[in-house]
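What you are looking at is a predicted structure, and each value in this text was computed from that prediction instead of being measured. Basis for what follows: all heavy atoms, side chains included, without hydrogens, waters or symmetry-related copies. Sequence positions, counted from 1, serve as the residue numbers for this chain.
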Amino acid sequence: TVAVFFFVSLFFAPIFGQVPQAATAPVLIVVGALMMSQAKELDWDKTAEALPAFLTLAFMPFTFSISNGILFGLITSLLFYVTTGNLGRDVLSFLPKFGG
């Protein structure tokens with residue numbers, strides 16, 4: 001199925017390539033506003049949760065890449081959990097228990 005869609009996209013790529021970047025800017029602003037609306041759901045009093053979330057939000061525009069921002073936030077979150085000793089309590093508690 002994916003191969004079929006990739007094959008079809010070969011014919012539409014030149015058409016979509018003609019759309020100027022200025023035409024996509026308003027859509028990106030709306031997507032950014034929708035992403036920011038979820039920031040109010042964060043528990044900003046918990047440093048281990050707030051700082052990685054803030055760094056994720058900050059690094060996305062600075063690196064011009066959503067994936068780089070998410071990766072930096074995940075790495076920061078992992079470092080917080082490992083250095084504070086909460087990895088076993090908060091993260092590993094979600095894994096299924098084996099052998100009993």
Side-chain angles (χ1 to χ4, degrees):
T1 306
V2 175
V4 172
F5 285 127
F6 272 114
F7 182 72
V8 171
S9 70
L10 288 173
F11 299 107
F12 289 108
I15 297 170
F16 292 137
Q18 297 299 318
V19 177
Q21 288 185 352
T24 61
V27 176
L28 293 176
I29 291 171
V30 171
V31 170
L34 291 173
M35 288 174 60
M36 285 303 298
S37 68
Q38 296 300 312
K40 66 182 176 189
E41 304 291 327
L42 291 171
D43 187 8
W44 291 102
D45 294 329
K46 293 172 93 177
T47 305
E49 183 178 334
L51 190 60
F54 171 75
L55 291 174
T56 301
L57 292 171
F59 266 72
M60 284 182 192
F62 288 141
T63 61
F64 298 104
S65 173
I66 293 173
S67 58
N68 286 344
I70 291 173
L71 180 66
F72 189 78
L74 287 173
I75 291 171
T76 307
S77 181
L78 178 67
L79 287 175
F80 261 98
Y81 279 114
V82 169
T83 57
T84 59
N86 293 332
L87 182 68
R89 189 189 71 199
D90 294 340
V91 178
L92 297 180
S93 63
F94 292 107
L95 295 176
K97 306 284 189 246
F98 293 106

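- With a 6.0 Å radius and a threshold of 12 heavy atoms from other residues, nucleotides or ligands, L71 has its CG atom above the threshold.
- Neither M60 nor F54 shares a network with the other; the hydrophobic side chains, linked directly or stepwise wherever heavy atoms of I, L, V, M, F, W or Y lie under 4.5 Å apart, form separate groups for each.
- For residues 50-71, the set of pairs meeting the side-chain hydrogen bond (donor to acceptor under 3.5 Å, both in side chains) definition, not counting sequence neighbours, comprises S65-S67.
- Residues I66 and V31 fall within the same hydrophobic cluster, defined by Ile, Leu, Val, Met, Phe, Trp and Tyr side chains chained together at heavy-atom separations under 4.5 Å.
- The distance from the CG atom of L55 to the CG atom of L51 is 4.5 Å, given to the nearest 0.5 Å.
- Under the 4.5 Å side-chain heavy-atom criterion for grouping Ile, Leu, Val, Met, Phe, Trp and Tyr, V19 is not connected to F12 through any hydrophobic cluster.
- Sorted by first then second residue, the side-chain hydrogen bond (donor to acceptor under 3.5 Å, both in side chains) pairs that include residues 22-42, not counting sequence neighbours, number zero.
- Scanning all heavy atoms of the two residues, the minimum distance from D43 to E49 falls at N-OE2, 3.3 Å.
- When all heavy atoms of T83 and F80 are compared, the closest pair comes out as OG1-O, 3.4 Å.
- Rounded to the nearest 0.5 Å, atoms CZ (F59) and CZ (F64) are 13.0 Å apart.
- Between L57 and P61, the closest heavy-atom pair is O-CD, 3.1 Å.
- For F7, the ring-ring contact (aromatic ring centres under 6.0 Å, His included) partners two or more places apart in sequence, or in a different chain, are F11.
- In this structure a side-chain-to-backbone donor-acceptor pair under 3.5 Å is present from S9 to F6.
- The side chain to side chain contact (heavy atoms under 4.5 Å, CB included) test with P52 is passed by exactly one of L79, T76, L78: T76.
- Transitive grouping of hydrophobic side chains (ILVMFWY, heavy atoms separated by less than 4.5 Å) keeps F62 and I75 in distinct clusters.
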